[in-house]
Amino acid sequence: MALSQIAWKDGKIIPLEEAVMSIFSSSVQYGWSGFEGIRFYDTERGVAIFRLRAHLERLDYTARALGMAVPYLPEDLSRGMKKLIRESKMREGYIRPSMIYPYPELGISFEGRGVSVAIAIASWEKKPANKGPVTAKIVRTVRIHPGSTDVTAKIGGHYVNSILALREAKKEKFYEAILLDHRGFVAEASAANIFMVKNWVLTTPSLGSILPGITRDTIIRLARDFGYEVREKDISEAELLASDEVFLCGTAMEILPINKINETIIGNGMTGGMTLQLLRLFSDVVHGRNPKYLTWLTFVNS
Ligand code: PMP
């Protein structure tokens, strides 16, 4: 990942090194921050941000969950992102808007402090299927309990759970981590949702303990439009291990096929047929090659 040398901060484009804040801010000390991860793609009609509206809605949802009064409208942020992309001259990449309390503050009661919003962009190499499927480990680290925090918000502090899970998997030489929820059902990967295929039926864990991923929503809609049956339900560990295909999905990783979970080979160990179809469909949609889904694209020159 290579960060662009400019950032948007509170309405202005500034050099990246000036986008700084106190290390004693509650966002740094306690993870009291909210953020989004968004991708933009090169298309025949110019550079376009994928599903920007959905990401801005989730950012707003996260701000509400944290009680943060963001002094910008979604349109201000959208304009900021477009400007940043245009000025960076990047044609494909990743956008990271974050909402923080930038002030030094050691207590945990910080009502009424002003929120700062900063946006960085970066080139983030994709890890799609053309690099082959990867392995995953069902880790002991349990996905954060929905009774302890709002797990559907994209809150900075939640990612301690993700980082610990990923480190646990990496320690045993697996590429990714699969977390179970507090009841023992499959939840999601460290920063991605999970899908399994059995007999050409696509299944993904229902909402409850997981981040409601925008890529997850995209895939459900594409698969249904394509005529596949899609189920959202509890998935047991045994069911996952007995599936024909498994893939992860998220903005950063897009669609990532899994060919081995723990010591079990999934399917025939190759990227499965439905995963391949969805990969193609997804790539066409994000690159503006499928006219049916053009409303998901926000062109940066518009
Ligand atoms: N779950 C978690 C915990 C994540 O961090 C992400 C990445 N945002 C996802 C799922 C996938 O969400 P999206 O498709 O919206 O990027």
Side-chain angles (χ1 to χ4, degrees), residues 1 31 33-41 49-63 65 81 93-99 119-122 124 126-128 136 138-139 141-146 148-169 176-182 185-196 202 204-223 230 232 235 246-258 278-279 281-283 285-286 293 296 298:
M1 187 185 47
S33 64
F35 68 99
E36 268 304 315
I38 310 169
R39 263 195 193 275
F40 57 97
Y41 294 90
I49 305 173
F50 186 60
R51 299 208 62 181
L52 177 60
R53 194 176 315 145
H55 284 285
L56 288 172
E57 277 169 12
R58 193 171 61 189
L59 191 69
D60 180 59
Y61 179 84
T62 302
M81 288 178 207
Y94 181 84
I95 314 169
R96 166 60 58 82
S98 13
M99 309 176 294
I119 308 171
I121 59 171
W124 194 332
K126 300 171 219 163
K127 267 267 182 243
I138 299 175
V139 292
T141 305
V142 173
R143 167 77 179 158
I144 40 176
H145 193 295
S148 300
T149 176
D150 184 345
V151 297
T152 65
K154 205 162 160 63
I155 294 173
H158 289 178
Y159 285 79
V160 171
N161 180 235
S162 301
I163 294 167
L164 289 171
L166 189 59
R167 286 167 69 96
E168 190 186 330
E176 250 299 337
I178 296 170
L179 290 84
L180 303 179
D181 68 16
H182 63 286
F185 289 103
V186 173
E188 59 182 328
S190 62
N193 293 115
I194 187 165
F195 280 84
M196 57 162 272
L202 191 59
T204 193
S206 352
L207 301 181
S209 287
I210 63 172
L211 185 80
I214 291 161
T215 320
R216 173 185 182 276
D217 177 71
T218 301
I219 285 167
I220 292 174
R221 285 160 74 171
L222 293 180
V230 183
E232 291 177 71
I235 299 175
V246 174
F247 63 86
L248 308 181
C249 71
T251 299
M253 69 168 53
E254 301 180 309
I255 296 175
L256 186 63
I258 300 291
L278 289 169
L279 269 163
L281 202 52
F282 184 82
S283 174
V285 168
V286 297
Y293 305 100
W296 278 344
T298 301

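Residue numbers start at 1 and run along the sequence shown. The analysis underlying the following values was restricted to heavy atoms, covering all of them including side chains, and did not include hydrogens, waters or symmetry mates. Ligands are counted one by one from 1 in listed order, and the atoms in each one are counted from 1 as well.
- Between K154 and E36, no side-chain nitrogen of the basic residue sits less than 4.0 Å from a carboxylate oxygen of the acidic one, so the salt-bridge criterion is not met.
- Ligand 1 lies less than 4.0 angstrom from a heavy atom belonging to A192.
- An N or O contact shorter than 3.5 Å is missing between R143 and ligand 1 by distance.
- Nearest heavy atom pair, residue S209 against residue R143, reads O-NE, 2.6 Å.
- Side-chain contact between L52 and W296 is absent, with no heavy-atom pair separated by less than 4.5 Å.
- Heavy-atom separations between R58 and ligand 1 include at least one value shorter than 4.0 Å.
- Looking at E188 next to ligand 1, an N or O pair under 3.5 Å apart turns up.
- Scanning the protein heavy atoms around atom 16 (O) of ligand 1, the nearest turns out to be T251 OG1, 2.6 Å.
- For atom 6 (C) of ligand 1, the closest non-hydrogen atom on the protein side is A191 O, 3.2 Å.
- F50 pairs in a side chain to side chain contact (heavy atoms under 4.5 Å, CB included) with only one of the listed residues (T218, T215, I214), which is T218.
- Scanning the protein for heavy atoms near atom 14 (O) of ligand 1, the closest one is T215 OG1, 2.5 Å.
- Side-chain polar atoms of T152 and Y61 form a donor-acceptor pair below 3.5 angstrom.
- Looking at T218, I144, I214 and measuring to atom 15 (O) of ligand 1, the nearest heavy atom belongs to I214.
- A salt bridge links E232 with R216: the closest approach of a Lys/Arg side-chain nitrogen to an acidic carboxylate oxygen falls below 4.0 angstrom.
- Listed by number with element, the atoms of ligand 1 under 4.0 angstrom from any heavy atom of G250 are 11 (C), 14 (O), 16 (O).
- Applying the 4.0 Å criterion to heavy atoms of N193 picks out, from ligand 1, the atoms 10 (C), 11 (C).
- Atom 12 (O) of ligand 1 has its closest protein heavy atom at G213 CA, 3.4 Å.
- Between A252 and ligand 1, not a single N/O pair is under 3.5 Å apart.
- By the 4.5 Å heavy-atom criterion applied to side chains, S98 and S33 are not counted as neighbours.
- Considering backbone and side-chain N/O atoms, S190 never comes within less than 3.5 Å of an N/O atom of ligand 1.
- In this model, a donor atom of one side chain and an acceptor atom of the other lie less than 3.5 Å apart for E176 and S190.
- Under 4.0 Å from ligand 1, the heavy atoms of K154 that appear belong solely to its side chain.
- Looking at atom 5 (O) of ligand 1, its nearest protein heavy atom turns out to be Y159 OH, 2.5 Å.
- The minimum heavy-atom distance between N161 and L179, with the atom names listed, is OD1-CD2, 3.6 Å.
- When all heavy atoms of I194 and A187 are compared, the pair lying nearest together is CG2-O, 3.7 Å.
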